[in-house]
Amino acid sequence: MVLLYVDDDSEDILLFNDAIESINPNFICLSAGNGEEALSILNDITRYIIFLEVNLPIMNGRKTLEAIRGDRRLHSVPVCMLST
């Protein structure tokens, strides 16, 4: 399973990756710093669980979620919205 964590805070990304690795080292953790970057990554693989920060630069979490739900290949991918 691939987990995509979308957040512009590098410390939060490291904390997330460490937590996931301690739970299950077989998960693959990818990260993106904004919505556009996330959508680019999602073009390559569709078997994801996405953790998506609400407040992002360039393309915020709500717009990113709208793009994900509007994509026929991705509309059923689980998304967990976060805000710090």
Side-chain angles (χ1 to χ4, degrees):
M1 178 61 65
V2 179
L3 305 178
L4 176 60
Y5 185 66
V6 187
D7 196 326
D8 60 331
D9 186 324
S10 59
E11 289 181 25
D12 286 346
I13 291 170
L14 288 174
L15 181 64
F16 179 84
N17 288 344
D18 287 346
I20 294 301
E21 186 175 303
S22 72
I23 294 168
N24 187 338
N26 295 319
F27 283 143
I28 298 168
C29 291
L30 301 178
S31 62
N34 62 62
E36 287 182 355
E37 201 176 309
L39 293 174
S40 175
I41 292 170
L42 290 168
N43 281 329
D44 296 332
I45 303 171
T46 57
R47 192 163 172 235
Y48 278 100
I49 296 175
I50 302 168
F51 295 85
L52 179 59
E53 168 69 34
V54 173
N55 301 308
L56 293 170
I58 301 172
M59 178 183 249
N60 68 33
R62 172 171 253 148
K63 294 286 184 192
T64 304
L65 181 61
E66 288 173 6
I68 290 167
R69 292 297 177 243
D71 186 323
R72 191 170 39 106
R73 296 173 310 112
L74 302 172
H75 75 275
S76 63
V77 172
V79 178
C80 178
M81 299 292 289
L82 309 166
S83 184
T84 55

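The side-chain contact (heavy atoms from CB on, under 4.5 Å) test with I50 is passed by exactly one of V77, I41, V2: V77.
Rounding to the nearest 0.5 Å places CZ of R69 at 8.5 Å from NE2 of H75. How far NZ of K63 is from CD1 of I68: 14.0 Å, rounded to the nearest 0.5 Å. Rounded to the nearest 0.5 Å, atoms CE (M81) and CG (L52) are 4.5 Å apart. To the nearest 0.5 Å, atom CG of residue L56 and atom CD of residue E37 are 10.0 Å apart. With values rounded to the nearest 0.5 angstrom, S31 atom OG is found 11.5 Å from L3 atom CG.
Atom CZ of R62 has 12 or fewer neighbouring heavy atoms from other residues, nucleotides or ligands inside a 6.0 Å radius.
L42 and L74 get closest at one heavy-atom pair: CB-CD1, 3.9 Å.
Counting only heavy atoms from C-beta outward, the side chains of D8 and N34 never approach each other to under 4.5 Å. Two residues are said to be in side-chain contact when any heavy atoms from C-beta on lie closer than 4.5 Å; S83 and N55 meet this criterion. R73 is listed as a side-chain neighbour of N43, based on a closest heavy-atom distance under 4.5 Å.
Applying the side-chain contact (heavy atoms from CB on, under 4.5 Å) criterion to A38, with sequence neighbours excluded, gives L4, V6, A32. Legend: residues meeting side-chain contact (heavy atoms from CB on, under 4.5 Å) with L82, ordered by chain and number and at least two apart, are Y5, F51, E53, C80.
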Just list the side-chain donor-acceptor pairs under 3.5 Å for residues 15-30, sequence neighbours left out, or say none.
from: S22; atom 1: OG; to: A19; atom 2: O; distance (Å): 2.7
from: N24; atom 1: OD1; to: N26; atom 2: N; distance (Å): 2.8

In sequence, state the C-alpha distance, the side-chain angles, and the governing distance for L39 and M59, and then conclude on side-chain contact (heavy atoms from CB on, under 4.5 Å). CA-CA 10 Å; L39 293 174; M59 178 183 249; 3.6 Å; yes
